[in-house]
Structure formats: C-alpha cells, structure tokens
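Report on one structure; see the data block that follows.
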Amino acid sequence: MTNTTDAQLYGYADLNRLMSLMTGDEKHGPAATSTLDALWVLYDRVLRVTPTTADSPGRDRFLLSKGHGPMAYYAVLAARGFFGEELLAGFGAYESPLGHHPDRLLVPGAEIGSGSLGHGLPLAVGSALGLRAQGLTEPRVWVLTGDAELDEGSNHEAIAYAGPAGLDQLHTVVIDNASATYARPGGIAARFEAAGWSALTVDGRDHDALHAAFTAPHPGRPHAVIARVATER
C-alpha cells in the first residue's frame, strides 16, 4: 500500500480517540498503551521521516519489534498522516491492511513485519550495517522492543555485536513494564552498557525526559533508552 500525503494530522490529545476506533479481542490493549508515549515522542519530535519521505534513502528507519500490540503504533501513524483514520475501525478484519501484527507490505510507514517477542533488534543491526555499507551516514535506525523480548537469544547477539561494531546510527527503545521472565543484574541498562552501548533509563510517560534521552549524544556507540512504565501485560 502506498503512503498517503493528504490525511488529516492530529496531536497527542487525539490518540486515545484514535485508539478507541480499534476494537476486538486480539487488540492487546495494555501492551499497546505501554508504548504510546515513546512512540509519540519519536514520531512527533525525533524521527526524520514523513509520509512524503517514507521511501527516501535518507529517511530515519523505525522498526516496531514489539509487534503484538500495534494499536498505539497505528494510532500514531494515522495521527502523523501516514494513512487516514478511516482505516482504524477495520483493525484486525480480514480485508483490513491493519493486522494484529504489522505487515510492512500493507501498512504505510511500516519498515518491517513483526510479531510476538519479535526479533527487531537484529534486523535493526542489519539495517544500520546496510546504511554504513552504502555510505549513508545521516539516517538513523530506531527499534522499539519490550523487556520480555530480551529473553530471546538473537537480541542478545545483536546487542553483543552492535557495541564493538560502533553502530552509532543504531538506537533501541526498551519498554520496561516488568514483564521479562529473567532479571538482569544491574538492570536492563547495565546489559547494554556491558556491551559498549550508551544507555539511559527514564520515565516512559515523561515526554521531556524521553526526548532528552532520545537525543542524548553517543558518539561512536549505539544508544539504548529504557522507558519504564507501570506494570502492564
């Protein structure tokens, strides 16, 4: 599906209404709302991508690894004009492009298809390496994961590789809602720091704190922001 450029734009105050248009038993509401503030700050204040630049080689790439709760993602994409809000009411229906997991071939603005306990971090590492190989040093790669996804081995391999590789175009946002099975000594940030990443932990509902963490300098190192939110499953 091609990106639209004439959809109405909305603000943060409209997101709850946009999310309310999506109904059904498989909407994973708490998983979605835990990501809402981080997604909004990224798309409103940080990411250099718009509906008109969504296919540009110089765009920032955003990868939603936490794909099993995409309602907030869809609401933010609609609010930023990637598609019209009329698509939201069909969420999860057979004929709708907005599935229970995002499909990059159907959802305007989506970079990857992803699902439960996604593997978006290794995909983000590959994207950063691809940009480097092409000499594209300006675009940034952002990936949003849940804390439980860090139970997956491929994500730890990506963390272990990206630090020594100096992938400073790579950024990870971890939504920490205390849903991971295994605790990590020193917390999630310590895991990234041990692998040579820059890492900050902030309140995942505080927009100014999120923005400051997202834009903090990290020369020569990939950057992780751990966004803590109230426990939601």
Side-chain angles (χ1 to χ4, degrees), residues 1-116 118 120 123 127 139 141-146 173 175 177 204-205 207 210-211 214 227 229 232-233:
M1 176 178 289
T2 58
N3 296 286
T4 59
T5 58
D6 56 354
Q8 182 175 347
L9 300 182
Y10 298 100
Y12 178 76
D14 298 296
L15 293 180
N16 283 333
R17 181 187 67 81
L18 293 173
M19 288 183 67
S20 74
L21 298 175
M22 292 173 275
T23 60
D25 294 335
E26 299 296 329
K27 62 184 182 181
H28 294 284
T33 56
S34 68
T35 69
L36 185 62
D37 295 277
L39 284 168
W40 176 254
V41 173
L42 282 171
Y43 273 90
D44 185 52
R45 302 169 64 179
V46 178
L47 290 174
R48 296 174 297 195
V49 62
T50 67
T52 58
T53 63
D55 295 320
S56 168
R59 74 190 183 280
D60 285 347
R61 277 78 167 164
F62 174 78
L63 283 59
L64 181 70
S65 184
K66 187 179 169 69
H68 64 287
M71 286 202 313
Y73 182 48
Y74 292 158
V76 170
L77 287 176
R80 303 315 298 162
F82 285 87
F83 52 81
E85 69 167 276
E86 67 275 2
L87 291 182
L88 298 176
F91 168 67
Y94 179 78
E95 69 280 2
S96 173
L98 306 183
H100 294 133
H101 295 164
D103 185 330
R104 72 176 184 87
L105 299 179
L106 298 177
V107 180
E111 294 279 356
I112 61 170
S114 56
S116 179
L123 291 173
S127 296
V141 179
W142 291 81
V143 56
L144 186 148
T145 78
V173 183
I175 303 299
N177 56 15
R205 301 298 188 194
H207 290 196
L210 285 166
H211 181 258
F214 291 162
V229 298
E232 296 175 294
R233 300 292 173 113

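Numbers for residues simply follow the sequence, beginning at 1. Fair warning: this is a prediction, and the values are worked out from it, not measured in the lab.
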Side chain to side chain donor-acceptor pair (under 3.5 Å) partners of Thr53, counting only residues at least two apart: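 Side chain to side chain donor-acceptor pair (under 3.5 Å) list for Thr53, sorted by chain: Thr50.
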
Report the distance from atom [atom1] of [X] to atom [atom2] of [Y], rounding to the nearest 0.5 Å.
{"X": "Thr35", "Y": "Leu39", "atom1": "OG1", "atom2": "CG", "result": "4.0 Å"}
{"X": "His101", "Y": "Lys66", "atom1": "NE2", "atom2": "NZ", "result": "11.0 Å"}
{"X": "Met22", "Y": "Met71", "atom1": "CE", "atom2": "CE", "result": "5.5 Å"}
{"X": "Glu111", "Y": "Asp60", "atom1": "CD", "atom2": "CG", "result": "9.5 Å"}

Ignoring hydrogens, what is the shortest heavy-atom contact between [X] and [Y]? Give both atom names and the distance.
{"X": "Val173", "Y": "Ala38", "value": "CG1-CB, 4.3 Å"}
{"X": "Gly204", "Y": "Ala227", "value": "CA-CB, 3.8 Å"}
{"X": "Pro139", "Y": "Pro57", "value": "CG-O, 3.6 Å"}
{"X": "Ser34", "Y": "Val229", "value": "O-CG1, 3.8 Å"}
{"X": "Val107", "Y": "Pro97", "value": "CG2-O, 3.4 Å"}

Passing candidate, side chain to side chain contact (heavy atoms under 4.5 Å, CB included) with Asp37, options Ile175, Leu42, Leu210, Leu15: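 Checked Ile175, Leu42, Leu210, Leu15 against Asp37; only one passes side chain to side chain contact (heavy atoms under 4.5 Å, CB included): Leu210.
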
Residues which pass side-chain contact (heavy atoms from CB on, under 4.5 Å) with Ala93, listed by chain and number, not counting sequence neighbours: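 So Ala93 forms a side-chain contact (heavy atoms from CB on, under 4.5 Å) with Glu95, Ser96.
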
side-chain contact (heavy atoms from CB on, under 4.5 Å) evaluation trace for Met19 with Thr33: CA-CA 9 Å; Met19 288 183 67; Thr33 56; 3.7 Å; yes

Aromatic ring pairing Phe62/Tyr43, orientation class (parallel under 30°, perpendicular over 60°, tilted between): perpendicular

Residues 74-88, side-chain donor-acceptor partners within the protein, below 3.5 Å, at least two apart:
| residue | atom | partner | partner atom | Å |
| --- | --- | --- | --- | --- |
| Tyr74 | OH | Gly99 | N | 3.4 |
| Tyr74 | OH | Gly99 | O | 2.8 |
| Arg80 | NH1 | Tyr10 | O | 3.4 |
| Glu85 | OE1 | Arg17 | NH1 | 3.1 |
| Glu85 | OE2 | Tyr10 | OH | 2.4 |
| Glu85 | OE2 | Arg17 | NH2 | 3.2 |

Under 3.5 Å: donor-acceptor pair, side chain of Arg104, backbone of Pro102: no

Criterion side-chain contact (heavy atoms from CB on, under 4.5 Å) on Leu64 and Ile112, from CA distance to verdict: CA-CA 7 Å; Leu64 181 70; Ile112 61 170; 5.8 Å; no

